[in-house]
Protein chains: 2
Amino acid sequence: MATTTAAQRREQAKRDYDAFLERCPTRELLSRLTDKWVALVIPALANGPQRHSELAGRIAGVSQKMLTQTLRTLERDGLVTRTVTASVPVRVDYELTSLGHELFPVMVAIKNWAEMHMDQVFEARAQFDARP
Amino acid sequence: MATTTAAQRREQAKRDYDAFLERCPTRELLSRLTDKWVALVIPALANGPQRHSELAGRIAGVSQKMLTQTLRTLERDGLVTRTVTASVPVRVDYELTSLGHELFPVMVAIKNWAEMHMDQVFEARAQFDARP
DNA sequence: CTGCATCCCTCCTGATACTG
DNA sequence: CAGTATCAGGAGGGATGCAG
């Protein structure tokens, strides 16, 4: 068929790739996606383009180095676009690509899960640590 | 109200916690959840209890140390139960708790996303690397 | 404002070897 | 079979200074 849909291609890809296998390239991609800063940067880009300084302000505690590094990787992987506006001083905006928008709900889900279940995890840890 | 539902409590928790804040405890929880091995171990526990060796076989390339370490942390956080059967040799089974089952779909989503979008990421990287 | 380079230190990770 | 202990390499991450 020449008319395979995007969904069909993705189903095919899911059969071809398996992160349980050691040498599968998805293993490396998975380790990139499972990154603390990625899980914060992607959700932070929810409301359209953001400047470097805006992101740094929103994601408290991120160093300039890690933010730049994370954004570079995301850009290379096609999840984020980097737009430079030649002005003085220079303005740089980051925005989710369509691929980035597909990842967005997944990253938000993790962040939300952590926020919604923090208390239950605290309780579990207390019980665990109180064991003889 | 004395009759708050679990869903309501979670909504409340979501207002109380914010991983964007540096000192919020969810920041630490988030960094634990965004772990390559967690994203593989949780999905691997899909079909009921699994032994240490079964997990090691399924998740190719994981070292015995990292598997044990990951399972310990998951157990402490209340996501996994560890059951020891006193036999010779000893048998140890790991199983998702109800809390673990709530995290399950999120972890599977990441793993699937990586497998389904690997090709698009490859393409983006090729374009990025080919730039002047 | 944004980003690169450098130094430096911590912690993660994986091999190996050893106990119950 | 399951788990602990140990060690060495390397990646992760922070601070600072400089450049476009």
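The basis for the numbers below is simple: all heavy atoms, side chains too, and nothing from hydrogens, waters or symmetry mates. Keep in mind the model is a prediction, meaning the values are calculated, not measured. All chains are named by letter (A, B, ...) in the order of the sequence lines, taking the proteins before the strands, and each is independently numbered beginning at 1.
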5' precedence on DNA chain C between B:Pro89 and A:Arg82 (nearest-nucleotide basis):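 Final value for this comparison: A:Arg82.
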Start and end of the DNA chain D segment that chain A contacts, any atom under 4.0 Å from a heavy atom: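 Listed 5' to 3', the contact boundaries are D:dG13 to D:dA15.
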Taking atom CD as the centre, does B:Glu123 end up with more than 12 heavy-atom neighbours from other residues, nucleotides or ligands that are less than 6.0 angstrom away?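 Atom CD in B:Glu123 is not packed in, count stays at 12 or less.
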Result block: side-chain N/O donor-acceptor pairs under 3.5 angstrom for residues 51-58 of chain B, not counting sequence neighbours:
| unit_1 | atom_1 | unit_2 | atom_2 | d |
| --- | --- | --- | --- | --- |
| B:Glu54 | OE1 | B:Arg51 | N | 2.6 |
| B:Arg58 | NH1 | B:Ala44 | O | 3.3 |

Who are the side-chain contact (heavy atoms from CB on, under 4.5 Å) partners of B:Gln69, not counting sequence neighbours? B:Lys65, B:Met66
How would you list, by chain and number, every residue that makes a side-chain contact (heavy atoms from CB on, under 4.5 Å) with B:Ala19, sequence neighbours excluded?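 For B:Ala19 the side-chain contact (heavy atoms from CB on, under 4.5 Å) partners, ignoring immediate neighbours, are A:Leu40, A:Lys111, A:Glu115, B:Thr26, B:Leu30.
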Have a look at the helix from C:dC1-D:dG20 to C:dG20-D:dC1 and give the angle its two end axes make, five pairs each, rounded to 10 degrees. 40°
Modelled atom types, side-chain donor and acceptor of A:Thr68 and A:Gln64, under 3.5 Å: yes
Identify, with sequence neighbours excluded, every residue that meets salt bridge (Lys or Arg N to Asp or Glu O under 4.0 Å) alongside [X].
X: B:Arg76; answer: A:Asp129
X: A:Asp16; answer: none
X: A:Arg82; answer: none
X: A:Glu75; answer: A:Arg72, B:Arg131

Once ring pair (Phe, Tyr, Trp, His ring centres under 6.0 Å) is applied, what residue pairs with a partner in residues 110-132 of chain A remain, sequence neighbours excluded? A:Trp113-A:His117
Side-chain N,O (A:Tyr94) to OP1/OP2 (C:dG3) below 4.0 Å: yes
Nearest-angstrom distance from the residue atom CD of B:Glu28 to P of C:dC11: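 It is 14 Å, rounded to the nearest whole Å.
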Check whether any side-chain N or O of [X] sits under 3.5 Å from a backbone N or O of [Y] as a donor-acceptor pair, and report yes or no.
X: B:Asp18; Y: B:Phe20; answer: yes
X: A:Asp35; Y: A:Trp37; answer: yes
X: A:Thr97; Y: A:Leu99; answer: yes

Tell me, which of residues 57-80 of chain A have any heavy atom that sits under 4.0 Å from an atom in DNA chain C?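 Heavy-atom cutoff 4.0 Å gives A:Gln64, A:Thr68, A:Arg72.
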Using heavy atoms and a sub-4.0 Å distance, could you list which residues of residues 40-56 of chain B are near DNA chain C? By number, please. none
